[in-house]
Amino acid sequence: MSRTESDVVLSVDHVKKKIGRKWIIKDVSFEIREGEVFGFLGPNGAGKTTTIRMLVDLIKPTEGMIKVCGYDVNRQQEQALQYVGSIVENPEMYSFLTGWENLEHFARMQPGIDQDRIREVVEIVRMDKRIHDKVSTYSLGMRQRLGIAQALLGRPKLLILDEPTNGLDPKGIKEMRQFIHRLAAEGMAVFVSSHLLSEIQLLCDRVAIISRGNVLAVGGVQELIQDSSGYVVWHVSPPDLGLQLLDKMPECEVIETPSEVLDDSVLAGMSERAVVTRIQEEDISRAVHHLVSSNVQVLGVNRINPTLEQLFLQMTEGESIE
Amino acid sequence: MNNILPLIQNECIKVIKKKRFYVILLVILLLVPMFTYAQVKSAERNQGKFNDDWRLELQQRITDNQNSLGSDRIPEEWKQYRLIFIQQMQYYLDQDVNPNQPTGVNFTREFMNNAVSLFIPLLIMAIASDLVSGERTNGTIKMLLTRPVKRWKVLFSKLVTLVMFVSLIILATYAIAYGISGLAFGYKGFQLPVFTGFRINGSDVDVSSVHAVPQWQYLMMQAGLVWFVSLSVAMLAFMVSVLVRSTAASIVVMMAALISGTILTNMASAWTSAKYLFMVNLNLTSYLEGSLPPIEGMTLNFSLAVLGIWALAAVIISFTVFTRRDILN
């Protein structure tokens with residue numbers, strides 16, 4: 001798949017930010033293309049929100065350049081920001097106005113948005129029933145939707161959402177995911193920040209992993225997963241003999257403490273007698289054969305793809321996620 | 001320039017929907033009847049005492065003040081005030097003009113004279129102090145500044161809105177004061193003469209340039225000065241609102257400045273360089289009346305210049321800070 005320059009909606013080029021004497025953002029670079037859902041993953045305090053604020057000209061970078069559709073965000077705000085819809089942190093709207101009045105307010109700030117367009121975005125986020133109520137009466141989920149309606153008003157090419165599933169119930173989260181995929185399918189570039197790894201995995205095509213103001217890796221979500229070797233969970237009987245045999249195979253490494261490498265959700269569904277190993281894909285059938293020929297019954301072999309969490313732990317050498 | 005108008009419309013809608021302006025109107029509507037009632041009471045008492053003859057009453061006040069001049073317990077500065085007051089009242093008596101005729105117009109004039117340095121600035125703060133810091137307090141500044149509009153345009157629209165509402169507040173105060181006091185004192189009195197142009201040399205009043213103007217004309221001049229004071233206070237409150245993150249802090253800062261002005265004015269004279277502070281220069285209408293300025297060397301032009309410079313500086317600082325600052329929270 002070849003990408004041309006014109007596909008790039010957002011380019012962030014070696015951006016740095018110093019606040020006081022501290023470098024909050026040390027070096028951040030990435031690009032987002034049309035129709036792509038781009039994840040921005042990092043623990044709290046890694047610099048996600050600071051970066052997002054620089055993308056929408058709330059903060060000026062100390063060094064580096066941010067361009068939206070070819071326009072410098074800090075020097076040509078009016079041209080650049082017309083292509084951007086965003087929610088930075090919480091979707092804070094004027095609580096003393098109704099949802100509709102809020103949308104009218106923001107519509108007036110950009111030429112070419114008429115009443116029909118407001119009606120359209122209200123329908124997109126399915127707010128038609130409550131849109132004429134005061135925002136102070138809205139639930140968090142509704143505020144989130146109103147925030148998105150606001151972001152969509154100007155038919156943006158780039159949608160920036162800061163932790164969009166925060167505070168939503170499971171149904172709301174699922175709806176949000178479908179919604180984001182739909183927008184991307186229509187050609188919009190969507191930038192989503194999150195500290196939830198599962199979220200990014202389900203939502204994004206590509207991801208940048210950020211920690212302490214540095215981008216550790218940028219790549220396709222699948223690529224990043226395939227790059228690191230997978231884990232395999234064995235259910236064998238008798239377990240002791242099975243463990244012995246697997247341990248003796250040179251191509252197979254038995255993990256003594258699986259809780260250190262596996263996600264809690266995986267561990268929860270695993271029997272205590274299961275054996276966790278690290279083994280290459282092509283060696284698995286040989287290992288099975290070896291077990292079976294030594295009269296060990298193989299009850300189950302489960303490959304477990306590493307989660308982004310493991311990836312993250314490897315990259316940051318154990319800095320905690322939360 | 002076309003895209004500024006919708007921004008101003010936005011700001012006006014927000015001020016109105018926030019109900020700040022209604023609160024201000026409500027405050028005026030509650031306070032004016034109170035002062036009117038006080039005025040009615042004092043008029044009644046004087047009527048009983050002097051058989052409705054204002055000349056007797058005025059003569060009595062002049063005599064009272066003259067007697068107090070001999071007392072050692074009265075501070076020097078007060079004596080000067082009274083000396084000037086006596087000479088002015090004597091002038092009114094000589095010209096056979098009642099300076100305190102109880103009419104709606106007269107009440108309005110007196111009320112505005114007293115309201116200009118604290119009451120009206122307080123009302124203005126209710127809007128000005130919230131204009132920018134309010135957006136930061138509730139976080140909407142992030143949505144406001146991520147739209148494709150330059151920051152100076154956003155701030156400029158707020159400034160224009162502020163000027164409009166300041167003007168509206170002054171108009172409303174005049175209208176309500178006249179409307180309510182008129183119920184008690186009648187709506188006449190626009191043609192009555194008022195003397196202006198007293199010049200003060202030390203403790204002497206120079207009456208050579210004194211001339212009578214009809215009340216309505218006096219009210220217009222007064223309104224102009226009130227408007228100027230109000231605008232400069234509004235600009236300063238606006239700047240504080242840009243600099244300070246929370247509306248509450250913004251109000252407290254301005255309130256402290258205004259009240260310190262009142263205190264300094266009363267302490268008066270000794271610290272002469274205090275005259276360069278904006279808050280002792282708020283009482284512009286007193287120059288029109290011809291009363292002694294709080295600090296020696298202050299004239300109408302001086303005060304106008306001081307207020308003008310402070311206001312201009314406030315606007316420059318507001319725009320510089322607002323267009324450059326990082327929005328971190």
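Residue numbers begin at 1 in each chain, while the letters A, B, ... track the order of the sequences.
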Original post:
For B:P148, does its backbone N or O pair with a side-chain atom of A:Q110 as donor and acceptor, under 3.5 Å?
Top reply: no
Subject >> Contact origin within B:R151 toward chain A - heavy atom pairs under 4.5 Å >> reply: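 Interface part for B:R151: side chain.
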Subject >> Structural part of B:K153 lying under 4.5 Å from a heavy atom of chain A >> reply: side chain
Original post:
So which of A:M54, A:Q82, A:M109 has the biggest tally of heavy-atom pairs under 4.5 Å with chain B?
Top reply: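 The answer is A:M109.
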If you measure from [atom1] on [X] to [atom2] on [Y], what distance do you get to the nearest 0.5 Å?
X: B:N10; Y: A:H105; atom1: CG; atom2: NE2; answer: 4.0 Å
X: A:F106; Y: B:T146; atom1: CZ; atom2: OG1; answer: 7.5 Å
X: B:T140; Y: A:N102; atom1: OG1; atom2: CG; answer: 9.0 Å
X: B:L7; Y: A:R108; atom1: CG; atom2: CZ; answer: 10.0 Å

Does [X] [atom1] have over 12 foreign heavy atoms under 6.0 Å away?
X: B:M164; atom1: CE; value: yes
X: B:R325; atom1: CZ; value: yes
X: A:R126; atom1: CZ; value: no
X: A:W23; atom1: CH2; value: yes

[X] versus chain B, heavy atoms under 4.5 Å apart: side chain, backbone, both or neither?
X: A:I19; result: side chain
X: A:V73; result: neither
X: A:E101; result: side chain

Original post:
So which heavy atom on A:P91 is nearest to which on B:M143, and how close?
Top reply: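 The pair with the smallest heavy-atom distance is CA-CE, 3.9 Å.
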Subject >> Non-hydrogen atoms of A:L58 and B:L145 that approach each other most closely >> reply: CD2-CB, 3.8 Å
**OP:** Please name the residue in the list B:K17, B:K18, B:E135 that meets the side-chain hydrogen bond (donor to acceptor under 3.5 Å, both in side chains) test with A:Y94.
**Re:** B:E135
Subject >> Residue pair A:I59 / B:I327, side-chain heavy-atom distance below 4.5 Å >> reply: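 A:I59 does not reach B:I327 side chain to side chain.
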Subject >> Chi angles and distances behind the side-chain contact (heavy atoms from CB on, under 4.5 Å) call for A:R53, B:K142 >> reply: CA-CA 9 Å; A:R53 279 167 190 264; B:K142 289 177 295 187; 3.5 Å; yes
Original post:
Going through the checks in order, is the side-chain contact (heavy atoms from CB on, under 4.5 Å) test met by B:R147 and A:Q150?
Top reply: CA-CA 10 Å; B:R147 299 287 76 225; A:Q150 175 274 138; 3.5 Å; yes
**OP:** Give a yes or no on whether a salt bridge exists between B:D326 and A:K17, defined as a side-chain N under 4.0 angstrom from a carboxylate O.
**Re:** yes
